[in-house]
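Numbering of residues begins at 1 and proceeds along the displayed sequence.
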Amino acid sequence: MPSQEAVMEKEIANVSIGARFVSDGDCGTVKYIGEVPPTTGLWLGVEWDKPDRGKHDGSHQGTRYFQCRSATSGSFLRPKKADFGIDLTKALSDRYVPDDLETGGIDTSTMYVQDEKNKVTVVEMVGASMIAKKQSSFENLQEIDLRETKVCRTGSEDFLKKLPNITELNISKNLIPSWEEVSKMTRQMPKLILLNLSENRLVLPSNPVSLATAFSRLQDLVLNNMDLDWEQVMVCAPMWPQLRKLFLCYNKIAAITRVQSDLFQHLELLNLESNQITDWQQVNLLGHLPKLQSLLLAYNPLSCIAFHDVPVGQKTALFPHLHMLSISHCKINEWDSFNELDKLQRLKDLRYKKNPILDGIQLERAEERVIAKIAGLTHMNRCQVFEDDRKGAELVYLKTFCADWLKSGGSREPAKSKPSQQFLEDHPRYEKLVQLYGAAEDSEMRNQTSALKDTLIVMKIRCPDDPSKRELTKKLPGGMEVTKLKSLLHRLYKIDVSDQKLSYISHKAGQEIELDNDLRPINYFSIETGDTLLVRW
């Protein structure tokens, strides 16, 4: 009978340093194989993916056995407690080939119905066999999902040649050790355009250019939560010559270097959400990507935005094709950042929720200010900005800051208008808005000191021609323009702004009065608390 040591040696005969494993649901990497005195027998020195899963940093009783990135991510593990996974071909068979092709893997013994007289009728699963046979014929497969199936290596490459039509492959959260191993898989999938490798820990390639043929048609690549920094991404980038979309969420990217001119030439979308980027000047190093259209930076600790290559009022040469930007859940704390965003040549879609600059400001006022500051926006926080929305927001902006404009040297007489440089830097578009709409009159200027509670109007909202639409009660600012009210109603009832016809019934006089001027505030029409707004279309 073989000794325990012989059994353990046999168990790890094919295990090498760098192998990936799972134990009790947690993944890690083998960093050492050997004895750990004073104990006997073989141990695996491992580094866990979770930095607090282990007990030490790779040293034991004063002896260093391996290196760890964290002081508590290292452990010693007996080989029998580590599962080193299966190859891709077995995972494919397990997932897509049922035990019984005739029944499609369905337990037919439980497929019956019983009537009130206890008569049993067997239920026939029509088409189950056909579907099972089609799925098990790998030549027909186009999408493969093998997430969290313990895939660690390729297996039979002859078997993988049966996968000529695969376009999408999800092998996230597995035990694949390296990019070389990934390339062995994808090289057998000549039509692959989408690859998801998230939650793997891959050793960087020694010669990335030599692996490019394995990813020659790849367009979408998902590398979320892989403990990557930007330098590592740049090492890998030559492997992906045709990439259109790259997802790098939940990594450890903080510093960004400028991308070489021969890399990411076709990249249209870059998702860097939930990383550690603090400096917008690092983001600007991506501004030379020639085809970048969408940039997602949500959940990064960015506090301000600036393009120093041009002064206010001009367009930056950076990000020439960028039309969508997400900065939600960052730490933007100054309105100047939104002035800077107006420097982008093609920005149309902005997402900016949950930033400190929005604290303490009414949502509607914040939306008006953002729209007025960025001339080209057509979508904001996933909602469309209509022409009426823009006009209303810009008129409100004119009225809100008219007093500051006059105080700084602005004048309703164009020849005498000389606002200060500081005002122009704080409000770069204000002069253009004055030229477009004219300066606000004294009677239109907002009293910024009045309390919001003194201006709220509580009213019911009804759609008399469509009883299926629910009646609402809303508190509305008296200074809300009719155009903004229509936008609100569009969100509430999905009625196009251009189709809406608004009126109200006074609870005192009982007569119906039409709201016939979209640019007037609702309190202009003598609406009071207790009145009922009628919406028709």
Side-chain angles (χ1 to χ4, degrees), residues 19-22 25 27 49 83-101 103-106 127-203 205 211-226 228 236 239-250 269 271:
R20 299 279 293 161
F21 72 94
V22 61
C27 295
D49 292 353
D83 183 346
F84 294 98
I86 59 177
D87 61 44
L88 179 64
T89 55
K90 178 168 174 45
L92 281 166
S93 297
D94 291 347
R95 174 63 60 90
Y96 292 101
V97 181
D99 293 335
D100 187 342
L101 286 177
T103 64
I106 298 172
S129 175
M130 180 181 66
I131 293 172
K133 289 177 181 179
K134 184 176 180 180
Q135 285 188 334
S136 63
S137 176
F138 293 111
E139 290 84 354
N140 297 321
L141 277 179
Q142 293 183 328
E143 301 176 10
I144 291 178
D145 186 353
L146 294 175
R147 174 177 169 79
E148 205 169 356
T149 52
K150 302 180 184 178
V151 173
C152 66
R153 58 188 175 275
T154 306
S156 170
E157 293 189 14
D158 289 336
F159 180 90
L160 294 184
K161 290 178 181 179
K162 299 178 181 180
L163 305 172
N165 295 311
I166 298 300
T167 59
E168 298 185 13
L169 175 63
N170 181 358
I171 44 176
S172 58
K173 201 171 185 181
N174 276 291
L175 304 176
I176 305 166
S178 66
W179 277 101
E180 279 82 359
E181 196 65 39
V182 174
S183 71
K184 293 177 184 178
M185 302 175 187
T186 60
R187 203 177 293 279
Q188 308 302 323
M189 305 174 190
K191 297 182 180 180
L192 188 68
I193 60 174
L194 186 152
L195 175 62
N196 188 344
L197 290 167
S198 299
E199 298 177 80
N200 283 289
R201 297 290 187 269
L202 304 178
V203 175
L211 303 183
T213 55
F215 308 98
S216 59
R217 298 188 63 180
L218 192 66
Q219 296 183 17
D220 299 357
L221 180 59
V222 188
L223 304 177
N224 296 335
N225 196 7
M226 292 181 61
L228 294 169
C236 297
M239 292 189 292
W240 317 315
Q242 300 297 323
L243 208 59
R244 263 65 170 177
K245 298 179 181 179
L246 178 59
F247 298 82
L248 294 167
C249 308
Y250 298 98
L269 181 147
N271 192 333

d(Ile86 CD1, Thr149 OG1) to nearest 0.5 Å is 5.5 Å
For the side-chain contact (heavy atoms from CB on, under 4.5 Å) test, which of Thr186, Ile193, Ile144 pairs with Ile166? Ile144
Greater than 12 external heavy atoms within 6.0 Å of Phe159's CZ: yes
Please identify each residue that fulfils side-chain hydrogen bond (donor to acceptor under 3.5 Å, both in side chains) with Lys245, with sequence neighbours left out. none
For Met226 versus Leu197, what's the shortest heavy-atom pair and its separation? SD-O, 3.3 Å
The reported gap from CG in Leu194 to CG in Leu169 (rounded to nearest 0.5 angstrom) is 9.0 Å
On a heavy-atom basis, the closest approach of Leu160 and Met185 is CD1-CA, 4.2 Å
Whether the side chain of Asn170 engages the backbone of Ser172 through a donor-acceptor N/O pair (distance < 3.5 Å, no angle test) should be reported. yes
Nearest 0.5 Å, please: how far is OG in Ser198 from CZ in Phe247? 9.5 Å
Heavy-atom pair of closest approach, residues Arg20 and Pro177: CG-CA, 3.8 Å
Looking only at side chains, do Gln219 and Arg217 share a donor and an acceptor under 3.5 Å apart? no
I need the minimum non-hydrogen distance between Lys184 and Gln188, along with the two atoms involved. O-CG, 3.7 Å
For the student: nearest non-hydrogen atoms of Cys249 and Asn224, plus distance: N-OD1, 2.8 Å
So do Pro205 and Glu180 actually touch side chain to side chain, heavy atoms under 4.5 Å? yes
Short side-chain to backbone donor-acceptor contact, Asn165 and Glu139, under 3.5 Å: yes
Side chain Ser93, main chain Thr89, donor-acceptor under 3.5 Å: yes
Measure the shortest side-chain to side-chain distance between Val182 and Phe215 over non-hydrogen atoms and say whether it is less than 4.5 angstrom. yes
Ignoring hydrogens and geometry, is there a side-chain-to-backbone donor-acceptor pair from Asn200 to Ile171 under 3.5 Å? yes
Using the ring of each side chain (for Trp, its six-membered ring), is Trp240 parallel, tilted or perpendicular to Trp179, with breaks at 30° and 60°? tilted
Distance only, no hydrogens: is a donor on one side chain within 3.5 Å (strictly under) of an acceptor on the other, for Asp158 and Ser156? no
So how far is it from Asn271 CG to Leu246 CG, rounded to the nearest 0.5 Å? 8.5 Å
Spacing of CD belonging to Glu199 relative to CD belonging to Glu148, to within rounding of 0.5 Å: 7.5 Å
So, do Arg201 and Asn225 sit near enough that their side-chain heavy atoms are less than 4.5 Å apart? yes
Which atom names give the shortest non-hydrogen contact between Leu92 and Leu163, and what distance separates them? CD1-CD1, 3.8 Å
Walk me through whether Leu218 and Leu192 qualify under side chain to side chain contact (heavy atoms under 4.5 Å, CB included). CA-CA 6 Å; Leu218 192 66; Leu192 188 68; 4.3 Å; yes
Can you measure from CZ (Arg153) to OG (Ser178) and round to the nearest 0.5 angstrom? 13.0 Å
Could you check whether Thr154 and Glu181, counting side-chain N and O atoms only, form a donor-acceptor pair closer than 3.5 Å? yes
Is the side chain of Asp220 donor-acceptor paired with the backbone N or O of Val222 at a distance under 3.5 Å, no angle test? no
I would like to know whether Glu168 and Asn196 meet side chain to side chain contact (heavy atoms under 4.5 Å, CB included); could you show each step before the answer? CA-CA 8 Å; Glu168 298 185 13; Asn196 188 344; over 6 Å; no
